[in-house]
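The structure presented is a predicted model; accordingly, all values stated were derived computationally and were not measured.
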Amino acid sequence: MSTPTAAVLAALPDVREWVEDLYRHLHAHPELSMAEHATAARVVQEVSGMPTAGELEVRTGIGGTGVAVVARNGEGPTVLLRADMDGLPVAEDTGLDYASTVRVTNDAGEQVPVMHACGHDTHVATLLGALRLLLQGREHWAGTVVAVFQPAEEQFNGAEAMVADGLVDLVPRPDVALGQHVLPGAAGSVEVAPGPIMASCDDFRITLHGKGGHGSAPHTAIDPVVMAASLVMRLQTVVSRQVSPQATAVVTVGRISAGTKTNIIPEHAVLEGTVRTYDGAVAAHCLEVIERTALAEALAWGAPEPGFETFDHLPVTDNEPDATARVRAALEAELGTDRVGEFTPEMGSEDFGELPAAWGAPSCYWGFGAFDAGAWEAARERGTERTDPAFPDNHSPHFAPVLQPMLDTGVRAMVAAAMAWIGR
């Protein structure tokens, strides 16, 4: 029996080549966070050529480069569909004939490579594909679709910037917000689960103040480099010895900056790191311990009190159970129950949750597979799917999703999930 979702997706073969070409273009022309000007322009260009484009409300420049497209189609629920647009400062090493060779000057004035190493190009392409199919099949649904193309997910502030720039007043209040992410897994499959699936994130910066001097006479100085090294090791005990084993937390120092020359003991060292957890109280405890440990480290050295600050907070990505149950049912109906798995909660973080939180709306976020299904399943049987170099993780210079059925699956999943609310 034909369903409204099947009727909308019947035209997928007609748009497949367009989605693939669009994806290749986006992959070859990535842009850094808050610099997605050409990507946003391409989104607007593609939307302008869609059915009933003249009836669409297209808002640009939201939060910098964000785009929101509102498609009204009579009375019914409002569904927000989100895709992030930014790339990463990574030198691509995939060997693809559409690999990125882009290099740009970043905000610090440095020349850096740029790559879609996290798959945001797939998110933009599949959302545009889903939107085009929904507009072509308007007789099969009723309500409003809000397609949000968001900047700066990798910088953690794109969704926040769109909300701060008035997104809530520019588009209708959604009854549900939906998003997806391409991840290591079998192309053609998806993973979804209710509840917390991605951790919160609280980044911190510690500035250690020493006393400068000559490298040949460290006894006349207070060496902030050694102080920083000692502090990094001490911070490894925050989780292992000061957080309950029944809680989940990760503390990582990802950046240390100090010094200008081999024989100069500098006056300052800066450490930047991140706390990931599923519990706000645990996050606050970790940050309190980190600050206290930095203060104690400086005291032990007879150094001035260090600076401590937090930045770039992201909430837990928490799938509302009822919305997730409806999405799962729609995905299983479209893809088959054998292609819908459980999303294993991870300590990575996402700013998607900032969007539904702006309205207090329920939301669901899921993953879809990036790699050849046969090869993935063979590796899974060997227990090597997470270590096999053929399946690099997101943010790797080797991250290269297969085009199909990866793109088809992203389009089908987004259409099916949306139609669970707006299908006639």
Side-chain angles (χ1 to χ4, degrees), residues 1-15 18-19 43-60 62 66-83 123-150 162-163 166-180 320 322-334 352 355-356 358-366 410-424:
M1 181 181 297
S2 179
T3 65
T5 299
V8 170
L9 287 170
L12 178 57
D14 300 330
V15 304
W18 168 74
V19 173
V43 166
V44 174
Q45 175 187 329
E46 297 298 341
V47 168
S48 67
M50 291 183 181
T52 66
E55 301 175 20
L56 302 177
E57 300 168 25
V58 181
R59 308 280 189 173
T60 62
I62 310 173
V67 178
V69 181
V70 180
R72 302 179 189 272
N73 191 32
E75 296 295 323
T78 296
V79 177
L80 185 148
L81 311 177
R82 176 268 203 172
H123 306 166
V124 174
T126 55
L127 178 51
L128 283 169
L131 180 60
R132 180 170 171 176
L133 289 176
L134 287 166
L135 293 175
Q136 289 180 187
R138 290 167 70 97
E139 67 271 25
H140 302 293
W141 59 276
T144 300
V145 172
V146 179
V148 172
F149 298 87
Q150 178 208 305
M162 292 190 77
V163 171
L167 179 67
V168 170
D169 299 318
L170 294 173
V171 304
R173 183 192 188 281
D175 293 287
V176 68
L178 305 173
Q180 61 181 359
E320 198 275 327
D322 290 342
T324 304
R326 191 185 292 200
V327 168
R328 174 178 283 275
L331 295 176
E332 289 180 344
E334 173 57 28
F352 165 73
L355 298 178
W359 289 276
S363 63
C364 181
Y365 191 79
W366 64 91
V411 173
R412 293 170 68 192
M414 191 61 86
V415 168
M419 291 291 285
W421 274 265
I422 61 175
R424 290 189 184 275

TODO: Using the side chain to side chain contact (heavy atoms under 4.5 Å, CB included) rule, take Ile62 and Val67 through it: C-alpha gap first, then chi angles, then the decisive distance, then the call.
DONE: CA-CA 6 Å; Ile62 310 173; Val67 178; over 6 Å; no

TODO: Determine whether Val43 and Leu128 make a side-chain contact, defined as any pair of heavy atoms from C-beta on separated by less than 4.5 Å.
DONE: yes

TODO: Return yes if some donor-acceptor pair links the side-chain N/O of Arg412 with the main-chain N/O of Leu9 below 3.5 Å, else return no.
DONE: no

Task: Over all atoms of both residues, closest heavy-atom pair of Trp366 and Ala417 - done: CH2-CB, 3.6 Å

Open item on the list: So, using salt bridge (charged side-chain N to carboxylate O under 4.0 Å, His left out) as the criterion, who are the partners of Arg138 when residues are at least two apart?
Closed with: Glu55

TODO: Starting at NE2 of His140, measure out to CG of Leu133 and round the result to the nearest 0.5 Å.
DONE: 11.0 Å

Task: Partners passing salt bridge (charged side-chain N to carboxylate O under 4.0 Å, His left out) against Arg328 (at least two apart in sequence or in another chain) - done: Glu332, Glu342

Open item on the list: Working note: Thr126 + Gln180, criterion side chain to side chain contact (heavy atoms under 4.5 Å, CB included); need CA distance, chi angles, decisive distance, verdict.
Closed with: CA-CA 10 Å; Thr126 55; Gln180 61 181 359; 3.4 Å; yes

Open item on the list: Using 0.5 Å steps for rounding, measure from the CG atom of Leu355 to the CG atom of Leu178.
Closed with: 11.5 Å

- [ ] Side-chain contact test, heavy atoms from C-beta onward, threshold under 4.5 Å: evaluate it for Val327 versus Trp421 and give yes or no.
- [x] yes

Task: Value rounded to 0.5 Å, distance of CG in Leu56 from CG in Leu135 - done: 5.5 Å

Open item on the list: Counting C-beta onward and ignoring hydrogens, is there a side-chain heavy-atom pair between Leu167 and Trp359 closer than 4.5 Å?
Closed with: yes

TODO: Walk me through it: do Val145 and Leu81 pass the test side chain to side chain contact (heavy atoms under 4.5 Å, CB included)?
DONE: CA-CA 7 Å; Val145 172; Leu81 311 177; 3.9 Å; yes

Open item on the list: Does this structure show an ion pair linking Arg72 with Glu57, if we count only N-O contacts that are shorter than 4.0 Å?
Closed with: yes

Open item on the list: If you compare all heavy atoms of Cys364 against all heavy atoms of Thr324, which two are closest, and at what distance to 0.1 Å?
Closed with: SG-OG1, 3.7 Å

Open item on the list: As an exercise, state the distance from CG of Leu80 to CZ of Arg173, rounded to the nearest 0.5 Å.
Closed with: 11.0 Å

Open item on the list: Within the supplied structure, the quantity of interest is the number of heavy atoms (other residues, nucleotides, ligands) at a distance under 6.0 Å from Gln45 CD; does it exceed 12?
Closed with: yes

Open item on the list: What's the separation between atom CG in Leu134 and atom CG in Asn73, rounded to the nearest 0.5 Å?
Closed with: 9.5 Å

- [ ] Looking only at non-hydrogen atoms, find the nearest pair between Ala358 and Val168 and report the distance.
- [x] CB-CG2, 3.7 Å

Task: Closest heavy-atom pair and its distance - Phe149, Val124 - done: CE2-O, 4.1 Å

- [ ] For residues Val8 and Met419, determine if any side-chain heavy atom of one lies less than 4.5 Å from a side-chain heavy atom of the other.
- [x] yes

Task: Ala330 versus Ala416, closest heavy-atom pair with distance - done: CB-O, 3.4 Å

Task: Non-hydrogen side-chain atoms of Arg82 and Tyr365 separated by less than 4.5 Å - done: yes

Open item on the list: Minimum heavy-atom separation for Ala323 and Pro362, please, with both atom names.
Closed with: CB-CB, 4.3 Å

Task: Rounded distance (nearest 0.5 Å) linking atom CZ of Arg59 with atom CE of Met162 - done: 11.5 Å

Open item on the list: Quick one, Leu131 with Val47, criterion side chain to side chain contact (heavy atoms under 4.5 Å, CB included). Give me CA distance, side-chain angles, the key distance, then yes/no.
Closed with: CA-CA 9 Å; Leu131 180 60; Val47 168; 4.2 Å; yes

